[in-house]
Each structure stands twice: as C-alpha cells, then as structure tokens.
Protein chains: 2
Amino acid sequence: MNDKEISSAVVKRLPRYYRYLGELMEKDVVRISSKELSEKMKVTASQIRQDLNNFGGFGQQGYGYNVEYLYTEIGKILGLDRHYKVIIVGAGNLGQALANYTDFEKRGFRVVGIFDVNPRLIGMTIRGIEVRIVDELETFVKENGVDIAALTLPKTKAPQIGSDLVKWGVRAIWNFAPTDLNLPDDVIVENVHLAESLMRVSYNLRNRERELEQEQVLAGMEEK
Amino acid sequence: MNDKEISSAVVKRLPRYYRYLGELMEKDVVRISSKELSEKMKVTASQIRQDLNNFGGFGQQGYGYNVEYLYTEIGKILGLDRHYKVIIVGAGNLGQALANYTDFEKRGFRVVGIFDVNPRLIGMTIRGIEVRIVDELETFVKENGVDIAALTLPKTKAPQIGSDLVKWGVRAIWNFAPTDLNLPDDVIVENVHLAESLMRVSYNLRNRERELEQEQVLAGMEEK
DNA sequence: TAGATTGTTAATCGATTAACAATC
DNA sequence: TAGATTGTTAATCGATTAACAATC
C-alpha cells in the first residue's frame with residue numbers, strides 16, 4: 001500500500017462528485033457510468049475514472065458505478081463519517097451565518113462554541129449556543145478538544161488568535177479573515193477569501209469589456 | 001496586440017498580489033523585487049514575474065517594482081477602478097453578512113438592492129437598503145441595470161432565479177447556493193461553495209489520521 | 001561602469017485526456 | 001457469448017520553475 005499523495009486538484013473535485021451523487025440518490029438512480037456522469041457534470045469521463053481510481057476501484061466493468069455505494073465511499077474518503085468539533089471565533093454577521101447553517105451539522109460538523117471580543121455580544125445565544133468572550137478561548141479549547149476553528153474576525157486579530165488556537169490544540173483553521181495565517185505545516189488551513197472571490201468576478205467583467213473594445217477596433221480596421 | 005487568454009490560475013493569484021502590495025503600501029515600502037515579494041508570499045519569484053508579464057512590464061531591471069504603481073496597475077487589471085451595481089438575492093444570515101460587509105463598497109461594489117421570498121423580512125433595512133420582495137426583481141433589474149447578483153438562497157430556488165436574472169440583464173452571478181447554475185457561456189459565474197470548502201478541511205483532517213495509522217503499521221513491522 | 005533584477009525563452013514537472021486491454 | 005464500461009497505461013497539454021541575456 002504505497003500511499004501516494006493525492007493532488008489537491010483531485011481533493012477539490014471530490015465534494016462536487018459527492019454532491020452530484022447525492023442528487024442522483026434523491027432521484028433514485030441506482031447506477032451511473034462515468035460517461036453519463038461526465039455529461040451531467042461537464043467534465044471528462046476520463047477525469048472521473050482517474051480521480052476515483054486514486055482511492056480504489058469503485059466501479060464494475062460493463063456496469064458502471066453503483067450510486068449509493070460510491071456516495072458512501074466518497075463520504076468516507078472525505079471524512080464525513082466522522083464527527084468534528086467546531087468553534088466559531090468572531091460572532092459578527094458572517095460568524096452568525098455559519099453558526100446558523102444547519103447543513104454542516106448533518107455532515108458531522110458540530111458547533112460547540114462561539115466567541116467574540118465585543119462584550120455587547122456576550123451572552124447572546126445562536127441555535128442554543130451561548131456567545132462567550134475570547135478570554136475564555138484557551139480554557140475552552142484545552143478542555144473540549146476542538147478540531148476546527150472558523151475565524152470570522154478582523155484581519156488584524158486573525159493571525160494572533162490563529163497561532164494561539166493551534167498552540168492550544170486546534171488542528172484545522174477555516175479562515176475567513178482577509179489575511180494569510182502563518183502556521184506550522186501540519187496545521188490544516190482552508191481559506192475563504194470573499195473579497196478575492198469578488199475581485200475575480202470584477203476581473204472577468206472588466207475583461208469582457210476589453211474583449212468588446214477589441215472587437216470594435218478590429219471592426220474599425222475592416223472598414224478601412 | 002495579440003490578446004492571449006489569461007489562464008484562470010493567474011487570475012486566481014492576482015487578488016493576493018494586490019493584497020500584499022496594499023499591505024506594503026501601508027508600511028510605506030516604496031519598491032520591492034520579485035525575490036523579496038516571493039519570500040513574503042511563499043511563491044517563486046519566477047511565478048511572480050511570469051504572472052505580471054501577462055499584462056505588461058511593470059518592473060525595471062536592477063530596481064524591481066514600484067509598489068504603489070504595481071498596486072494601481074493590478075487594481076486596474078482587476079477592474080477595481082470601475083463601479084459595479086450589486087444586488088443580493090436572499091436576505092438570510094449570509095445575505096445580510098454580505099450586505100453589511102462595507103469593504104466591498106471601498107472596492108467599487110455598491111449594493112443597490114436586497115431581495116427575499118420571505119415576506120417577514122420585507123421592509124427591513126440593512127445599511128439603509130430596504131429588503132424587497134423577489135416579485136419586484138424583474139422590474140428592479142431592468143430599470144437599474146445590475147452588474148452582479150449574489151445568490152444567497154436555497155439550492156432549490158437558485159437555478160431558476162439565476163436564469164431569470166441573466167435573462168433580465170445581469171452579467172455576473174456570485175453563487176453561494178450549493179448547486180451548479182447552468183447559464184450561457186458569456187455569463188460570469190463565481191461559485192462560493194462553503195460546504196465543499198469545509199469538506200476539504202474534513203478530508204485533510206481524516207487524511208492526517210490515515211497517515212498516523214500508516215506510521216503505526218510501519219512501526220509495528222519494524223518490531224517484528 | 002558594476003551590480004541587480006527584470007523580461008523572456010527553454011526545461012521540467014504535473015495534470016488532463018485519449019486509448020485500449022481487462023473483465024464484468 | 002457480445003456489448004459495455006471500467007481501470008490503467010501512454011500521449012498530450014498546460015502550468016511552473018530554471019536559466020540567462022537584456023538593461024536599468
């Protein structure tokens with residue numbers, strides 16, 4: 001079992017496979033071939049087979065893949081059969097939105113604590129979870145064994161609190177603050193940079209304009 | 001001017017350059033070489049130079065790059081010197097979080113409308129913007145010329161409303177609903193799939209466990 | 001002028017796609 | 001058995017890194 005490292009390109013695609021398979025299950029589809037799935041998902045059948053074969057042979061020649069089985073297996077690969085304790089640090093709008101997102105619970109992510117620096121928010125409860133002051137973070141994390149910390153706080157505070165959390169035993173950071181965290185290599189960091197995402201939209205809109213300008217220049221040259 | 005297509009890998013990195021240059025400006029750094037920047041950003045100097053040269057020669061041999069100039073130029077490339085009208089469709093927690101995120105305004109993204117299906121939310125205002133009923137979407141979009149629509153609504157409603165918005169003139173969709181939108185190729189779609197992001201965290205946590213198990217197996221074999 | 005660093009070409013690496021033998 | 005479709009190897013494509021001549 002020479003566990004070759006799975007490329008992050010593959011890992012990025014797994015949740016999307018999982019989502020499509022879940023939808024197929026809801027429609028009571030029992031089996032699907034890589035070809036059919038590739039048409040739905042707008043990727044190549046070859047890529048689907050390659051991706052899946054990183055983890056094992058889930059299909060059967062001449063038949064395809066059993067939807068429910070493949071769904072379950074990808075779920076296991078993604079660790080969705082596990083339970084993870086999550087805290088949210090920063091109880092602003094975004095933190096509250098995450099805390100209220102009940103879908104996470106279904107996938108095994110349980111929010112066990114919400115923290116904020118702002119004393120005005122302390123004592124407020126979100127889905128039954130009381131908002132605590134950040135001063136209690138250290139004790140809480142050490143006593144409860146937190147797996148994942150979502151950082152939904154200002155960029156000025158994120159790097160320090162991120163480092164502290166890791167020091168206290170948090171294994172993964174889901175970072176929404178618009179800054180990079182400098183953490184040891186064995187810490188898992190997943191960034192969600194909304195501002196950067198919106199800038200890509202903006203780039204593409206601007207690019208569309210540039211293309212149109214270009215076309216007009218070319219049209220003008222034809223007239224000459 | 002043979003405008004070769006810029007790869008999406010490059011476009012993904014641009015906002016990060018922009019962010020680092022902004023931070024350097026705040027620290028009154030006047031010039032920086034690709035080497036210095038590469039060390040800060042943990043990428044190769046070669047990649048920085050390649051990326052920038054897709055858009056033009058912004059540096060100077062023997063000197064490096066002028067921080068403020070490069071910042072401004074990347075801003076233009078990203079279209080941040082433009083103004084875009086944004087609507088938010090879905091005034092739940094996430095929609096409200098986006099509406100309250102004042103940083104977007106600074107970058108030229110102006111929220112001009114917020115919509116929801118839920119009549120209970122109608123009339124409520126967020127940062128001075130009244131929440132409207134979705135029935136008014138068509139008229140509003142046609143009259144106001146919306147550039148970007150953020151979809152923060154349930155996955156069941158997202159595809160239909162997305163298609164409608166495009167039909168009514170919206171040019172880009174910032175999609176937070178956990179579903180794919182099937183839209184014409186000339187429509188810009190940027191997906192923010194939080195559930196998928198969290199699953200990648202989960203994958204990596206689970207993978208860390210698997211690695212540890214593997215090490216123990218190997219350690220056990222040595223003992224024999 | 002000498003040193004530094006870019007812009008750019010060439011080499012390498014990795015990811016995607018194509019092809020097909022294995023097999024259900 | 002014949003047809004379908006996987007698992008996997010080989011070919012292609014694209015992105016990253018290295019190298020260096022151009023030049024400030």
Side-chain angles (χ1 to χ4, degrees), chain A residues 1-17 20-21 24 29-74 77 200 203 207, chain B residues 1-17 20-21 24 29-74 77 200 203 207:
Chain A
M1 278 299 99
N2 183 5
D3 286 313
K4 63 190 167 311
E5 187 70 29
I6 306 295
S7 86
S8 77
V10 174
V11 176
K12 280 212 192 77
R13 287 191 289 266
L14 287 179
R16 188 156 177 264
Y17 293 137
Y20 272 83
L21 289 163
L24 287 167
V29 177
V30 173
R31 61 165 283 267
I32 194 157
S33 68
S34 58
K35 177 130 187 298
E36 286 174 275
L37 187 58
S38 75
E39 281 157 8
K40 276 191 193 299
M41 296 186 64
K42 293 178 178 165
V43 297
T44 63
S46 207
Q47 181 165 76
I48 292 174
R49 295 204 300 277
Q50 285 277 25
D51 283 352
L52 297 179
N53 274 88
N54 280 296
F55 305 99
F58 301 121
Q60 196 168 308
Q61 281 97 330
Y63 173 86
Y65 299 87
N66 178 286
V67 172
E68 194 168 346
Y69 174 70
L70 187 55
Y71 177 82
T72 311
E73 288 304 311
I74 295 181
I77 292 165
R200 287 191 283 273
Y203 170 86
N207 201 235
Chain B
M1 280 297 97
N2 185 5
D3 285 312
K4 61 192 168 311
E5 189 69 28
I6 306 296
S7 86
S8 78
V10 174
V11 176
K12 279 212 193 77
R13 286 191 291 265
L14 287 179
R16 188 155 177 264
Y17 293 137
Y20 272 82
L21 289 163
L24 287 168
V29 177
V30 174
R31 60 166 283 268
I32 194 157
S33 68
S34 59
K35 177 131 186 298
E36 286 174 275
L37 188 58
S38 76
E39 281 157 8
K40 276 191 194 297
M41 296 186 64
K42 294 177 176 167
V43 296
T44 63
S46 207
Q47 181 165 76
I48 293 175
R49 295 204 298 278
Q50 285 276 26
D51 283 354
L52 297 178
N53 274 89
N54 280 297
F55 304 99
F58 300 121
Q60 194 168 309
Q61 281 98 331
Y63 173 85
Y65 299 87
N66 177 287
V67 172
E68 193 169 346
Y69 174 69
L70 187 55
Y71 177 82
T72 311
E73 288 304 310
I74 295 181
I77 293 164
R200 287 191 283 272
Y203 170 86
N207 200 236

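Below, read A as the first sequence line, B as the second, and so on, with proteins coming before strands; counting in each chain starts at 1.
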Q) Is there a side-chain contact between A/Val67 and A/Val30 (heavy atoms, below 4.5 Å)? A) no
Q: Would you check if B/Val10 and B/Phe55 make a side-chain contact, meaning some heavy-atom pair closer than 4.5 Å?
A: yes
**Q.** Complementary nucleotide of C/dA10, counting Watson-Crick and G-U pairs under 3.5 Å
**A.** D/dT17
Q | Nucleotide forming a Watson-Crick or wobble pair with D/dC24, both distances under 3.5 Å | A | C/dG3
**Q.** Side-chain ion pair, A/Glu39 and A/Lys35, N-O less than 4.0 Å
**A.** yes
For the atom pair [atom1] ([X]) and [atom2] ([Y]), what is the distance rounded to the nearest 0.5 Å?
| X | Y | atom1 | atom2 | value |
| --- | --- | --- | --- | --- |
| B/Leu24 | B/Leu37 | CG | CG | 6.5 Å |
| A/Ser8 | A/Ile6 | OG | CD1 | 11.0 Å |
| A/Leu70 | A/Tyr65 | CG | OH | 7.5 Å |

Q) Around A/Glu36, counting heavy atoms of other residues, nucleotides and ligands shown, do more than 12 lie under 6.0 Å from its CD? A) yes
Q) Is there a donor-acceptor contact under 3.5 Å from the side chain of A/Asp51 to the main chain of A/Ile48? A) no
Q | A/Arg13 side-chain N/O to A/Gln47 backbone N/O, donor-acceptor pair under 3.5 Å | A | no
Q | Proximity to DNA chain D (any heavy atom under 4.0 Å), residues of residues 52-68 of chain B only | A | B/Gln60, B/Gln61, B/Gly62
Q: Can you sort out which residues in residues 32-40 of chain A have a heavy atom within less than 4.0 Å of DNA chain D? Ascending by number, please.
A: A/Ser33, A/Ser34
Q | Minimal non-hydrogen separation, B/Ile77 against A/Tyr203, with atom names | A | O-CD1, 3.3 Å
**Q.** N/O (side chain, B/Arg49) to phosphate O (OP1/OP2, C/dT6) under 4.0 Å
**A.** yes
Q. How does protein reach along nucleotides 9-17 of chain C, written 5' to 3' as B (base within reach of a heavy atom under 4.0 Å), S (only sugar-phosphate), or - (no contact)?
A. BB----SSB
